[in-house]
**Student:** 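There's a structure below that I have some questions on.
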Amino acid sequence: MKASVVMILVSLIVISVAVQAQGPPPAQQNAAQAPTPRLANGKPDLTGSWQGAGGGLQGSGGDMFRRCTPFQSKNCMEWTNQSEDWVFMSATRLDQRQPLYKPEHWDKIIELDQWTNKYDPVMTCLPLGIPRQGPPSRIFHTGNDITMIYRGGVDGAGGYAEFRMIPLDGRPHDPRRAAQYTYMGYTVGKWEGDTLVLDSIGFSDETWLGRGGFFHSDQMRAIEKFTRTGNQILYEVTIEDPVVLVQPWVMPARTLRLANADTIVAERGSCTEGEHNEVSTQMRH
């Protein structure tokens with residue numbers, strides 16, 4: 001019996017090593033090795049419908065089953081208990097690569113998280129903003145500008161469809177325009193080699209970086225980088241906010257892959273009755 005168990009374990013190890021030696025799946029290899037389309041100016045063309053293919057903040061993975069406590073109702077079931085407070089969807093709460101706040105703001109973050117149904121802007125139907133909105137689902141790219149369309153229902157079914165139109169001529173920020181605070185920020189773009197760099201300022205401080213009470217000030221700056229290789233894009237984001245953060249927050253990079261079909265993003269909706277009901281409870285979302 002012991003010999004059989006040992007043989008099985010050895011076989012599993014050999015298979016695991018063989019899989020790792022083969023590298024990424026064929027689909028991922030093919031996506032990276034495909035020709036990179038380019039604009040007339042020679043820069044990579046980011047046009048297309050894009051979907052997540054790895055990376056980013058991580059939630060609880062497959063560990064979604066939680067025992068019911070004596071304080072929960074008799075209807076509680078272990079296999080659904082993972083969603084009682086949406087903790088398995090809250091990657092910003094569970095991932096260890098969180099923004100590092102100055103000590104004087106720690107109590108505020110705890111309070112915002114504990115009373116998240118009251119304070120989280122998503123519960124009052126505000127836009128998620130950058131970077132919480134995540135990467136765009138569809139991009140239309142020309143030599144002079146880029147239009148990015150974002151789908152709703154991200155970050156645990158929060159947020160709504162949004163869009164951005166950004167000039168790419170390397171212009172600096174206009175100080176007067178920067179004072180007009182918006183949820184998605186005031187963005188200008190430039191190229192660094194084959195990487196598109198978007199620099200955003202002028203954010204409203206009403207949005208959060210993510211669930212868990214991670215707020216920001218109106219002095220936040222977001223630097224986004226898009227590097228296309230074949231049919232993949234490496235999406236990198238760095239958040240600077242000297243008012244509340246000890247240091248810039250370098251978010252875990254994400255890989256986007258070109259979708260097989262064009263994405264049709266639905267029109268921005270409105271708050272539902274269910275969302276309003278959740279605001280009146282303290283079931284942390």
Side-chain angles (χ1 to χ4, degrees), residues 27-28 30-32 34 36-39 43-59 86 89-92 95 121-122 125-142 144-168 182-189 194-200 203 207-211 222-239 251-272 275:
Q28 186 172 340
N30 295 338
T36 302
R38 294 184 178 272
L39 300 168
K43 297 299 182 182
D45 186 354
L46 305 187
T47 297
S49 297
W50 301 94
Q51 57 190 13
L57 294 166
Q58 301 299 312
W86 295 75
M89 288 186 177
S90 183
T92 48
D95 197 296
V122 75
C125 300
L126 290 180
L128 293 181
I130 299 297
R132 191 176 182 182
Q133 186 75 44
S137 294
R138 191 160 185 179
I139 298 176
F140 297 93
H141 193 182
T142 73
N144 299 320
D145 55 49
I146 191 167
T147 299
M148 297 183 169
I149 302 178
Y150 299 80
R151 67 178 181 85
V154 298
D155 190 23
Y160 302 93
E162 306 289 348
F163 75 94
R164 302 159 79 191
M165 298 183 69
I166 304 163
L168 303 180
T182 64
Y183 299 114
M184 304 297 278
Y186 163 40
T187 309
V188 295
D194 280 350
T195 296
L196 177 62
V197 180
L198 302 183
D199 185 353
S200 303
F203 286 98
T207 61
W208 283 7
L209 301 178
R211 295 176 190 265
I223 305 296
E224 300 167 271
K225 295 184 177 182
F226 295 79
T227 305
R228 179 167 186 173
T229 304
N231 289 334
Q232 288 188 172
I233 289 180
L234 179 65
Y235 178 60
E236 303 170 281
V237 183
T238 298
I239 300 299
M251 300 180 65
R254 300 179 65 172
T255 299
L256 311 179
R257 186 176 300 148
L258 190 67
N260 294 326
D262 292 336
T263 298
I264 304 299
V265 178
E267 182 181 355
R268 191 184 198 277
S270 59
C271 272
T272 65
E275 287 171 315

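Since this is a predicted model, take the numbers as computed values, not measurements. Reckoned from all heavy atoms, side chains included, excluding hydrogens, waters and symmetry mates.
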**Student:** Start with the C-alpha gap between I149 and F140, add the side-chain angles, then the distance that decides, and say whether side chain to side chain contact (heavy atoms under 4.5 Å, CB included) holds.
**Tutor:** CA-CA 9 Å; I149 302 178; F140 297 93; 3.7 Å; yes

**Student:** Looking at L128 and T207, what are the two nearest heavy atoms and their distance?
**Tutor:** O-CB, 3.6 Å

**Student:** Supply the atom-to-atom distance N30 CG to N231 CG, rounded to the nearest 0.5 angstrom.
**Tutor:** 9.5 Å

**Student:** Would you call D262-R138 a salt bridge at under 4.0 Å N-O?
**Tutor:** yes

**Student:** Kindly compute the distance separating CE (M251) from CD1 (I223), expressed to the nearest 0.5 Å.
**Tutor:** 13.5 Å

**Student:** Using atom types as modelled and distance alone, determine if a side-chain donor or acceptor of T255 lies under 3.5 Å from a backbone N or O of A53.
**Tutor:** no

**Student:** If you round to the nearest 0.5 Å, how far is OH of Y186 from OG of S200?
**Tutor:** 10.5 Å

**Student:** Go through F226 and T195 one step at a time and tell me if the side chain to side chain contact (heavy atoms under 4.5 Å, CB included) criterion holds.
**Tutor:** CA-CA 6 Å; F226 295 79; T195 296; 5.9 Å; no

**Student:** So M165 and D145, do their side chains get closer than 4.5 Å, heavy atoms only?
**Tutor:** no

**Student:** What are the two closest non-hydrogen atoms of R132 and L209, and how far apart are they?
**Tutor:** CB-O, 3.7 Å

**Student:** If you compare all heavy atoms of G189 against all heavy atoms of L198, which two are closest, and at what distance to 0.1 Å?
**Tutor:** CA-CD2, 3.9 Å

**Student:** Can you check whether P121 reaches W208 side chain to side chain, under 4.5 Å on heavy atoms?
**Tutor:** yes

**Student:** Mind listing the closest non-hydrogen atom pair of R254 and G134 along with its distance?
**Tutor:** NH1-CA, 4.2 Å

**Student:** Measuring from atom CG of L46 to atom OG1 of T147, what distance do you get when rounded to the nearest 0.5 angstrom?
**Tutor:** 12.0 Å

**Student:** As an exercise, state the distance from CG of L39 to CD1 of I146, rounded to the nearest 0.5 Å.
**Tutor:** 8.5 Å

**Student:** So, for L256 and G52, which heavy atoms are closest and what is the spacing to 0.1 Å?
**Tutor:** CD2-CA, 4.3 Å

**Student:** Write down the atom of R151, the atom of V265, and the distance for their closest heavy-atom approach.
**Tutor:** CA-CG1, 3.8 Å

**Student:** Which residue in the set K225, R228, R38 passes salt bridge (Lys or Arg N to Asp or Glu O under 4.0 Å) when paired with D194?
**Tutor:** R38

**Student:** Decide if the gap between the ring center of Y183 and the ring center of F203 is smaller than 6.0 angstrom.
**Tutor:** no

**Student:** Measure the spacing between NE2 of H141 and CG of L168 and express it to the nearest 0.5 Å.
**Tutor:** 5.0 Å

**Student:** Among E162, R164, Q133, which one satisfies side-chain hydrogen bond (donor to acceptor under 3.5 Å, both in side chains) with Y150?
**Tutor:** R164

**Student:** One pair to check against side chain to side chain contact (heavy atoms under 4.5 Å, CB included): L234 and T229. What are the steps and the verdict?
**Tutor:** CA-CA 8 Å; L234 179 65; T229 304; over 6 Å; no

**Student:** Using a distance-only test with no angle check, is there a side-chain donor-acceptor pair under 3.5 angstrom linking D45 and T47?
**Tutor:** yes

